[in-house]
Amino acid sequence: MKGNSYDHKKIESKWQKIWEEQKLYQTPEGVTQKNKFYILPQLPYPSGEGLHVGHAEVYTACDIYARFQRMNGKKVLQVIGWDAFGLPAENFAIKNNVHPRINTNKAIDNFRNQIKSLGISVDWSREVGSHNPDYYKWTQWFFLLFYERGLAYRKKQKVNWCPSCKTVLANEQVVDGKCERCATEIEQREMEQWYLKITEYADRLYDDLDKIDWPKETIRRQKEWIGKKKGAEITFNLSVPGQKEGKHGVNVFTTRLDTIFGVTFVTVSPEVAKKWLDVGWQATDEVKKYVEDSLSRTDKERMAGAGDKTGVFTEVYAINPVNQEKVPVWVADYVLGDVGTGAVMGVPAHDERDFEFAKKYNLPIKVVVMPFMASKNEKNYQDAMNRITTEKVFTEDGVLVNSGNYDGLPSEEARKKILDDAQKDNWATEKTTYHLHDWSVSRQRFWGAPIPMVYDDRGKLHPVKKEDLPVILPEDVDFKPTGQSPLTYSDLFQKGVEEKYGKGWKREVDTLDTFMCSSWYYYRYLDPHNDQAFASEEALKKWMPVDFYLGGVEHVNGHLLYARFFTKVLYDAGYINFDEPFSVHRHQGTILGPDNHRMSKRWGNVINPTDVVEKYGADTARVYEMFMGPLEQDKSWNDNAVQGVRRFLVRIWNLVQDEKKSLADTSSETLQRLLHKTVQIVSDDTKNLKYNTAIARFMEFTNLWMRQGEQLSKDDTKTFLKLLAPYAPHMTEELYQKIKGSLAKPDLAPREKDQVIKEYKSIHLESWPSYDEKLIQEDNVTIVVQVNGKVRQTLDVRHQTAENKVEVIALVQQDEKVKKYLEGKQIKQEIFVPGKLVNFVV
RNA sequence: GCCGCGGUGGUGGAAUGGUAUACACGCAGGACUUAAAAUCCUGUGGUUGAAUAAACCUUGUGGGUUCGAGUCCCACUCGCGGCACCA
C-alpha cells in the first residue's frame with residue numbers, strides 16, 4: 001500500500017527537464033492588456049558567492065504568484081536577467097587578474113542553475129545581461145536620449161569620492177558618510193562629472209506616488225528623499241563697506257516668510273562667501289581664514305560640529321526688504337552651500353539653529369509669532385508668552401506680532417499675504433526646493449557601459465551617433481584603478497575615433513553608473529532580441545506596466561526612483577503611453593541566520609539555498625521559505641522547521657499514494673467540506689500574498705486527511721494537488737500525473753517518453769479550482785455565550801437557528817452552565833450577533 | 001532631535017471590534033523497535049488544584065471608549081527602521 005518513498009532529487013530533476021523540453025513556461029501568444037500579467041522579480045547582481053536564501057525567497061514568491069495567475073487564466077510573463085556590470089566583479093578581477101567578463105559569466109551560469117533547481121517558471125528565452133553589447137547598446141541609447149532632451153550635462157562640483165573603489169558615487173550610494181559597497185569613509189572632491197537632471201522631474205516623481213499601489217512606507221520614504229518644500233526666495237540688498245549700498249544683494253530661501261519681521265541677522269555659507277571673495281570682495285583676514293578652513297572640511301566633519309556653531313561677522317549688512325532694517329551678515333558653516341540658496345535669514349526666536357547661533361554671538365532675538373492660544377484669552381496669554389520669551393524658541397505656526405500690517409494674522413495666511421505683497425514689490429518669489437539632487441552617473445571604473453560621447457580637437461562635446469552604438473567596452477584594458485578611468489589607457493578604445501569623427505577627437509573615458517543599466521531592464525524583457533529599438537511599440541503596449549514587482553527596501557531611494565525617472569522621460573519622448581512602470585510593488589523581508597543575525601561569512605551563519613534543495617528538495621525549500629512568516633517581514637532561519645515542512649510534504653506524498661485515501665469512490669463528508677473551505681481560503685491568501693497562512697491551511701487539511709476514516713475521491717485529490725501546485729510544483733506534478741495514469745512508469749525511460757508526453761497535460765496548465773458555496777457552509781454553527789463579556793459557554797446550533805435571535809436566546813438560556821451564571825441575576829441587556837455570539841449583561 | 005513601524009506562549013508566528021495563542025518548531029509522555037533513528041498517537045500560555053472539576057490571570061505598562069479591545073483613542077516604555085544643521 002505504501003508507494004515509492006519520496007525521492008525529491010529524482011522527481012525534481014525529471015520534471016524540470018520535461019518542463020524545459022515542453023517549453024511550458026514560454027510566454028504565451030494572444031496577449032492583451034486585459035489578460036496579461038507581468039511579474040518582475042528584482043534584477044539580481046550575479047555575485048560570485050552564488051544564490052542567497054534571500055534570492056530564493058524573491059523568486060519563489062514571484063513564482064507562486066506566476067503559477068497562480070497562470071492557472072487563473074492569465075497570460076503570464078515571468079523573467080530573469082542579470083545586473084552584470086559593477087564593482088565587485090571588477091575588484092575580483094583586479095585581485096585575481098582575470099577579466100571581469102569571465103568571472104561574471106561564470107557567476108551567471110551558477111545563478112541560472114541554482115534558480116532552475118528551485119523550479120522557477122521563468123521564460124528563459126528572454127534572459128538578459130546588462131554587460132552584453134546588445135543590452136548596453138540601449139543603455140547608451142538612453143543616455144543619448146537624455147542628452148538630446150537636455151537632461152544630461154557635465155558639471156564641476158563637489159562629489160562623493162570613494163578612496164577605496166577609486167570612483168565617484170551618487171548621493172544614493174553613500175550611506176552614513178560611507179561607501180555603500182565597501183564601507184570606506186567618503187571624501188569630497190571637486191570634479192567634473194556627468195549628471196542626469198532628475199531634479200527636473202522632482203515634482204512629478206513626488207506627485208505620481210499617489211497613483212501607484214506601493215507600500216505606504218516606501219512612498220513616504222521616497223517623498224522624504226525628494227524633500228519637496230514650498231517657500232519663498234527673498235532678496236536682501238547688501239551694504240558692503242566701501243561700496244554703494246544696494247549694488248549687491250543676497251538671496252535666501254525660507255519656508256517661514258511669516259517670520260521675516262523677526263530677522264536679526266543674515267548668514268551665508270562658506271561656499272557663498274567664497275564666491276564673493278572670488279569676485280573681488282575685500283573681506284577681513286578673519287573671514288578669509290574662516291571660509292578657507294570650513295571649505296577644507298568635509299560635509300561630515302562640518303555636521304559633526306552641529307552642536308557648537310561657529311561663525312564670523314563679515315562687516316557687511318543686509319537690508320530687510322520688509323522694513324528696511326539693517327542687520328549684520330555673518331558667515332557660518334551651519335549654513336550648507338548646496339541647500340536652498342546657501343544663505344539664510346536668521347530668525348532666532350523661531351528657528352532652533354538661528355537661536356543657538358544668536359545666543360552664542362549675542363545677537364538680538366525678536367519674537368514675531370505667538371502661539372494661537374495667546375490671542376484668545378488673557379489667562380493663557382501669559383503662559384504663552386512665558387513659552388516664547390527670548391529664552392525659548394517657538395518654531396510652530398502661530399499668530400503674528402511685531403509685524404507691522406500683518407499683526408494678528410495666522411502664520412499660514414501671513415505667508416500668503418506677505419508673499420503677494422513682496423511679489424508686487426519685487427523682493428521675493430515663490431520657490432520650491434528639493435532635497436533631491438541631480439544624479440551623478442559617471443564612474444571612473446572599467447566594468448560598466450562606456451558613456452557614448454566624444455570630444456573634438458578643441459575639447460568640445462559631441463554625442464556618438466546612434467547608428468554607431470554600441471560603443472564597445474574594449475577587452476584589452478588594464479583595469480587596475482588609478483583614479484583615472486581605465487579606458488584612458490586603452491588604445492583599442494580610442495582607435496577608430498579619429499577615422500570616424502576627425503583628427504584629434506577622443507572618446508569619453510568614464511563609464512555609466514550601473515543603476516543606469518537597471519533603470520530600464522524591465523523593458524528589455526518584453527523584446528530582448530530587438531536590434532532596432534530597446535523594445536517594440538507593440539510589446540510595450542501589450543505588457544506594460546509591470547503588474548507585480550518584488551524587490552528589496554534598499555532600492556527605495558535609488559533604483560526605484562531612477563526607474564520611475566526613466567519611465568517619465570520615455571513618456572515625454574513619446575515612446576510609451578504610461579508614466580509609472582510598476583503598478584504594484586512589494587518588498588520581501590530579509591531572511592536572517594538561525595542566530596537572528598544578518599547572514600554573513602563573519603558570523604558563520606550563512607544558509608546556502610542549494611544545500612537545502614539538495615538535502616530536502618526544492619519543494620521543501622520553497623514551502624519552508626514561504627511558511628516562515630509574512631513575505632515583507634524579516635525572519636530567521638530554523639532548520640528544524642525546514643524538516644517540519646519536509647515532513648508535511650512526505651505526508652501528502654504518502655496519502656496520495658494510498659489508494660484508500662486518495663482514490664476512494666467518494667470523499668468523506670467532513671473532509672470534502674474542509675476541502676472546499678480550503679479552496680476558498682487558499683485562493684484568497686495566495687491572491688493577497690499571504691502565503692504563510694495559506695500553507696497553514698494546507699497543513700490543517702492534511703492533518704484531518706490523515707485521520708482514520710477520512711478519504712478523498714480521485715477528483716477531490718486532484719483539486720487538492722492543484723491548489724498546492726504553485727507552492728510545491730514538482731511533487732504535485734508527479735502525483736497528479738500518477739493518479740491521472742499519464743505516467744505508466746515514473747522514470748520515463750527515453751523510449752517510452754514520447755508516448756507518455758502525448759497524454760501529458762501539466763498540472764500547471766490546469767485551471768485553478770473553484771469551490772461550492774453550499775459546501776463551505778457548516779450545518780452547525782458554534783455560538784459563543786458571554787456573560788458580561790466573559791466567555792462562559794459555547795453551543796453548537798443549527799445553521800438556520802443561529803441567525804434567529806429569539807430562538808438562540810431561548811436555547812442558550814436552557815443550558816445548565818449558562819443558567820448557573822445567570823442565577824438570581826437580572827438581565828439588563830442581551831447582545832446578539834447572528835451566527836456568532838450572545839452576550840448577557842447582568 | 002524629527003518622522004514612521006512594531007512589542008502576542010519556550011521559539012517562528014495566527015486572529016473583518018466577537019471563543020486570543022490557528023499552523024509549525026521545541027519540549028514531555030506513549031505506541032512501534034532488541035535498540036536507536038524515522039513514523040504515528042496524546043499533551044503543552046500562566047497561577048491555584050489530585051483532577052481530563054472549578055476558578056482566576058494573560059497580547060510591553062497605565063488609563064479610556066465599548067455589551068465586548070491584541071485590534072480603536074490617550075499617555076508612557078522598550079525595540080527596530082528612515083531622515084537629520086534641509087532654513
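Remember, predicted model here, so these are calculated numbers, not experimental data. In what follows, chains carry the letters A, B, and so on, assigned in the order in which the sequence lines appear, proteins first and then strands, with residues in each chain numbered from 1.
- Applying a 4.0 Å cut-off to non-hydrogen atoms, the residues of residues 692-705 of chain A that approach RNA chain B are A/Asn692, A/Thr693, A/Ala696, A/Met699, A/Glu700, A/Asn703, listed by residue number.
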Nucleotide N/O of nucleotides 16-18 of chain B paired with protein N/O under 3.5 Å:
residue : atom : partner  : partner atom : Å
B/U16   : O4   : A/Lys836 : NZ           : 2.6
B/G18   : N2   : A/Gln786 : OE1          : 3.1

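- No side-chain donor-acceptor contact under 3.5 Å links A/Ser403 to the backbone of A/Leu400.
- Between B/C86 and A/Arg256, no contact under 4.0 Å exists linking OP1 or OP2 to a side-chain N or O.
- A/Arg353 comes within contact range of at least one nucleobase, with a heavy-atom separation under 4.0 Å.
- The side-chain hydrogen bond (donor to acceptor under 3.5 Å, both in side chains) pairs that include a residue from residues 701-710 of chain A are A/Ser668-A/Glu710, A/Thr670-A/Glu710, where partners are two or more places apart or lie in different chains.
- Under the side chain to side chain donor-acceptor pair (under 3.5 Å) criterion, A/Tyr624 pairs with no residue, sequence neighbours left out.
- Within the structure, salt bridge (charged side-chain N to carboxylate O under 4.0 Å, His left out) pairs that include any residue of residues 328-344 of chain A comprise A/Arg297-A/Asp333 (at least two apart or interchain).
- Checking the phosphate oxygens (OP1, OP2) of B/C57, a side-chain nitrogen or oxygen of A/Lys790 falls inside 4.0 Å.
- Annotation: side chain to side chain contact (heavy atoms under 4.5 Å, CB included) contacts of A/Tyr821 (sequence neighbours excluded): A/Val787, A/Arg792, A/Lys817.
- Among the protein residues, A/Val252 comes within range of no part of the nucleic acid, since none of its heavy atoms lies under 4.0 Å from any strand.
- Annotation: salt bridge (charged side-chain N to carboxylate O under 4.0 Å, His left out) contacts involving residues 824-842 of chain A, sequence neighbours excluded, are absent.
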Report all interatomic pairs (protein N or O, nucleotide N or O of nucleotides 25-29 of chain B) with separations under 3.5 Å.
residue : atom : partner  : partner atom : Å
B/C25   : OP1  : A/Arg647 : NH2          : 2.6
B/C25   : O2'  : A/Asn638 : ND2          : 3.4

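- A donor-acceptor contact closer than 3.5 angstrom is absent between the side chains of A/Arg673 and A/Gln777.
- With sequence neighbours excluded, no residue forms a side chain to side chain donor-acceptor pair (under 3.5 Å) with A/Ser294.
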For RNA chain B, what string of dots and brackets results from 5' to 3' when Watson-Crick and G-U pairs need both distances under 3.5 Å, crossing pairs get [ ], and pairs with another strand get |?
(((((((..(((.....[....)))((((((.......))))))((((.....))))..(((((..]....))))))))))))....

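- Only A/Val339, A/Val344, listed by number, bring a heavy atom of residues 337-347 of chain A to less than 4.0 angstrom from any atom of RNA chain B.
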Does the protein touch nucleotides 4-9 of chain B at the base, only the backbone, or not at all? Give it as B, S and - per nucleotide, heavy atoms under 4.0 Å.
S-----

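- Distances from the side chain of A/Asn557 to the nucleotides B/C83, B/A14, B/U19 place B/C83 closest.
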